[in-house]
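Nothing fancy with the numbering, it's 1 onward along the sequence.
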Amino acid sequence: MLSVEDASRQVLATAHLLPTETVPLAAAVGRVLRQEVVADRDFPPYNRVTMDGIAVQYSALQNGQSTFPIERTQLAGAPPAPLASPQAAIEIMTGAALPPGTDTIIRYEDLDISDTPSRQATVRVAPPRAGHNVHAQGSDQPAGARLLAPGLVLSPAEIAVAATVGAATLAVARRPRLAVVSTGDEIVPIEATPLPHQIRRSNGPMLCAALALAGCESQEFHLPDDLASLKTSLPALLADFDAVLLSGGVSKGQADFLPQALRELGVTEIFHRVAQRPGQPFWFGQAPGGAVVFALPGNPVATFANYYRYVQPWLRQCQGLPAEASRPVVAELAGPVEFKPALTYFLAVRLEQAPDGRLLAHPTPTAGSGDLAGLLAADGLLELPPDQSQFAAGTAWPLWRYRA
Ligand SMILES: Nc1nc2c(c(=O)[nH]1)N[C@H]1C(S)=C(S)[C@@H](COP(=O)(O)OP(=O)(O)OC[C@H]3O[C@@H](n4cnc5c(N)ncnc54)[C@H](O)[C@@H]3O)O[C@H]1N2
Ligand code: MOO
């Protein structure tokens with residue numbers, strides 16, 4: 001049976017770069033940048049005063065002067081007029097542009113200010129050097145510097161940089177659009193009161209919630225376990241969405257019609273079944289129009305594990321994020337684990353940051369892949385490889401984290 005690594009490679013090979021769109025800056029956080037952002041001016045764009053106090057010429061202090069008549073006051077936002085006399089000072093506020101003829105700021109805490117006979121400042125603590133308390137023009141970045149490169153995820157820090165260079169809009173990757181389809185005749189809407197043999201639909205809301213956190217758009221559908229209905233309904237979804245995420249109906253049951261329906265609709269089967277638990281019956285394919293089909297096994301924990309292991313990295317690559325950004329972090333097992341089948345095992349774990357910084361993974365007991373409430377105690381899934389059955393405490397393994 002196909003290994004998790006090979007399945008993952010085959011999934012990622014279908015990732016197609018989504019088109020670029022331009023959005024207002026306020027809507028760009030979390031999106032993947034598709035343009036360069038260049039400094040339109042120096043950073044900072046003028047010699048910026050960093051303390052409230054007075055601006056003087058340092059050479060006056062070097063000449064032994066300690067009392068300075070104050071010529072005027074300059075607030076932030078006012079154009080900087082020059083110092084008229086090199087022996088005088090300008091009272092000045094944080095954020096103002098340094099007036100020509102001055103080079104040093106002495107903060108109020110280091111001064112005595114008196115208003116008689118006229119306003120003047122006496123220096124109590126001399127500044128250590130010329131340029132003290134001045135954030136020099138261009139000292140952070142020069143005009144023309146390439147500040148943001150395509151392919152990064154826009155965080156609040158990038159939004160601030162884009163704003164300061166006047167980027168009111170940004171070119172970003174379009175959000176992936178996915179159809180989330182639950183199948184199964186036992187599944188009823190969440191508003192319904194289920195009959196004793198029915199359950200409410202939970203995989204759809206779970207997948208849509210995960211997609212929302214991943215910055216994707218999704219729409220939820222429900223289709224019955226009926227070959228004709230599946231064949232009638234699926235073509236529109238394959239035409240309208242980048243991917244269709246199905247859950248349920250892919251195993252060996254007599255009502256598991258999805259593989260047949262997809263095949264008869266011309267969707268190429270890339271693989272069916274992966275050597276993993278949970279989620280072994282995972283079916284993956286691609287429609288002639290390009291839409292990919294993740295037909296995830298219906299057991300909730302199987303759906304969940306497959307989403308994080310395969311769908312989320314695929315979504316990242318479609319937005320143009322580098323492949324290494326799709327790699328999981330690793331965590332250390334806090335206790336020993338035994339798992340005998342020759343399958344990759346996705347183990348639910350609770351995470352703890354040890355005082356020395358190591359990320360510890362505590363296995364959380366679950367009652368199998370139907371136990372969706374078992375996910376509440378965990379923060380992620382540890383990927384244990386199929387070639388061993390004993391996993392010692394202290395060994396580190398890839399982690400697919402679903403809780404920050
Ligand atoms: N003879 C075999 N039987 C099964 C095998 C197998 O290899 N041979 N594999 C088992 C494994 S492993 C899994 S996982 C499941 C996957 O089966 P399906 O994808 O066909 O899923 P269903 O049978 O439709 O549903 C399984 C289970 O999950 C519940 N479910 C389905 N959809 C939802 C939903 N949207 N929200 C909440 N719960 C859902 C469903 O009611 C079932 O209880 O097959 C095993 N069988
Ligand atoms: O692999 Mo299934 O996912 O055990 O329930």
Side-chain angles (χ1 to χ4, degrees), residues 11 15 18 27-32 153-155 172-184 186-192 194 198-223 237 240-250 278-279 282 284 291-319 321 325-326 328-329 346-351 364 366-383 399-404:
V11 166
L18 291 167
V29 70
R31 307 289 293 270
V32 179
V153 180
L154 292 159
S155 80
V172 296
R174 167 165 77 58
R175 291 184 193 279
R177 294 180 189 138
L178 295 99
V180 171
V181 187
S182 300
T183 66
E186 75 282 27
I187 308 291
V188 297
I190 55 177
E191 303 80 14
Q198 295 177 325
I199 56 163
R200 293 193 189 89
R201 180 195 304 170
S202 62
N203 287 349
M206 174 176 74
L207 289 170
C208 290
L211 289 165
L213 286 182
C216 303
E217 291 172 11
S218 66
Q219 217 178 310
E220 214 194 322
F221 302 88
H222 178 230
L223 298 177
L237 304 185
D240 292 348
F241 292 90
D242 300 312
V244 178
L245 259 57
L246 294 135
S247 74
V250 292
F282 176 23
F284 181 71
V292 306
V293 178
F294 294 89
L296 309 176
N299 271 318
V301 183
T303 300
F304 199 70
N306 280 316
Y307 170 80
Y308 283 98
R309 180 64 183 87
Y310 303 101
V311 182
Q312 195 145 287
W314 181 87
L315 293 168
R316 295 174 67 92
Q317 289 215 12
C318 288
Q319 293 171 82
L321 288 172
S326 300
V329 295
F346 293 104
L347 171 72
V349 291
R350 180 178 59 78
L351 299 170
T364 55
T366 66
S369 64
D371 180 11
L372 69 164
L375 296 171
L376 302 178
D379 302 306
L381 301 160
L382 210 58
E383 182 176 329
L399 170 73
W400 301 92
R401 192 170 186 158
Y402 57 84
R403 214 188 289 281

Asks: For Y307, give me all partners under ring-ring contact (aromatic ring centres under 6.0 Å, His included), at least two apart in sequence or on another chain.
Replies: none
Asks: For F294, which of L246, N306, L245 qualifies under side-chain contact (heavy atoms from CB on, under 4.5 Å)?
Replies: L245
Asks: Say whether, by atom type as modelled, one donor and one acceptor occur between the side chain of R403 and the main chain of D379 under 3.5 angstrom.
Replies: no
Asks: Is a donor on one side and an acceptor on the other found under 3.5 Å between the side chain of R316 and the backbone of A214?
Replies: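 No.
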Asks: Using 0.5 Å steps for rounding, measure from the CD atom of E217 to the CZ atom of R174.
Replies: 8.0 Å
Asks: Please answer whether the main-chain N or O of G215 pairs with a side-chain N or O of R175 as donor and acceptor at a distance below 3.5 Å.
Replies: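 Such a contact is found between R175 side chain and G215 backbone.
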Asks: Which residues pass the side-chain hydrogen bond (donor to acceptor under 3.5 Å, both in side chains) test with R201, sequence neighbours left out?
Replies: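 Not a single residue meets the side-chain hydrogen bond (donor to acceptor under 3.5 Å, both in side chains) criterion with R201.
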Asks: What's the shortest heavy-atom distance between G30 and V153, and which atoms?
Replies: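 Smallest heavy-atom distance, with atoms named: O-CG1, 3.7 Å.
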Asks: Counting N and O atoms only, with roles assigned by atom type, does the side chain of R31 sit under 3.5 Å from a partner on the main chain of L154, one being a donor and the other an acceptor?
Replies: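 Such a contact is absent between R31 side chain and L154 backbone.
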Asks: Taking side chain as C-beta onward, heavy atoms only, is I187 less than 4.5 Å from I199?
Replies: yes
Asks: Quick one, T366 with V301, criterion side chain to side chain contact (heavy atoms under 4.5 Å, CB included). Give me CA distance, side-chain angles, the key distance, then yes/no.
Replies: CA-CA 10 Å; T366 66; V301 183; over 6 Å; no
Asks: Excluding sequence neighbours, so at least two apart, what forms ring-ring contact (aromatic ring centres under 6.0 Å, His included) with F282?
Replies: F271, Y310
Asks: Quick check for you: to the nearest 0.5 Å, what is the distance between F304 atom CZ and L372 atom CG?
Replies: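 Answer rounded to 0.5 Å: 9.5 Å.
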Asks: Work out which heavy atom in A305 is nearest to a heavy atom in P278; give both atom names and the distance.
Replies: CB-CG, 4.3 Å
Asks: Which atoms form the tightest heavy-atom contact between R350 and A377, and what is the distance?
Replies: CB-O, 3.6 Å
Asks: Taking P297's backbone N and O only, do any of them form a donor-acceptor pair with T303's side chain (distance below 3.5 Å, no angle check)?
Replies: yes
Asks: Between S218 and L178 (side chain of the first, backbone of the second, donor and acceptor by atom type, cut-off under 3.5 Å), is there such a pair?
Replies: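 Such a contact is absent between S218 side chain and L178 backbone.
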Asks: Would you check if the side chain of N203 reaches a backbone N or O of S182 as a donor-acceptor pair within less than 3.5 Å?
Replies: no
Asks: Show the nearest heavy-atom pair for residues L237 and F221, with the distance to one decimal.
Replies: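 Scanning both residues, the minimum pair turns out to be CD2-CZ, 3.6 Å.
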Asks: Could you tell me which non-hydrogen atom of T364 sits nearest to which non-hydrogen atom of A378, and how far apart they are?
Replies: OG1-CB, 3.6 Å
Asks: If we only count heavy atoms from C-beta on, is the L211 to L315 side-chain gap below 4.5 Å?
Replies: yes
Asks: G370 and P300: which non-hydrogen atoms are nearest, and at how many Å?
Replies: CA-CD, 4.1 Å
Asks: Could you tell me the separation between the CH2 atom of W314 and the CZ atom of F284, rounded to the nearest 0.5 Å?
Replies: 7.5 Å
Asks: Taking S247 for the side chain and L296 for the main chain, is one N or O donor matched with an acceptor at less than 3.5 Å?
Replies: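 Side chain of S247 to backbone of L296: no pair is present.
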Asks: Going by heavy atoms in the side chains, are C318 and D242 under 4.5 Å from each other?
Replies: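 The answer is no, as the side chains (C-beta and beyond) never meet within the 4.5 Å cut-off.
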Asks: I would like to know whether L351 and L399 meet side chain to side chain contact (heavy atoms under 4.5 Å, CB included); could you show each step before the answer?
Replies: CA-CA 10 Å; L351 299 170; L399 170 73; 3.7 Å; yes
Asks: Determine whether P205 and E220 make a side-chain contact, defined as any pair of heavy atoms from C-beta on separated by less than 4.5 Å.
Replies: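 P205 reaches E220 side chain to side chain.
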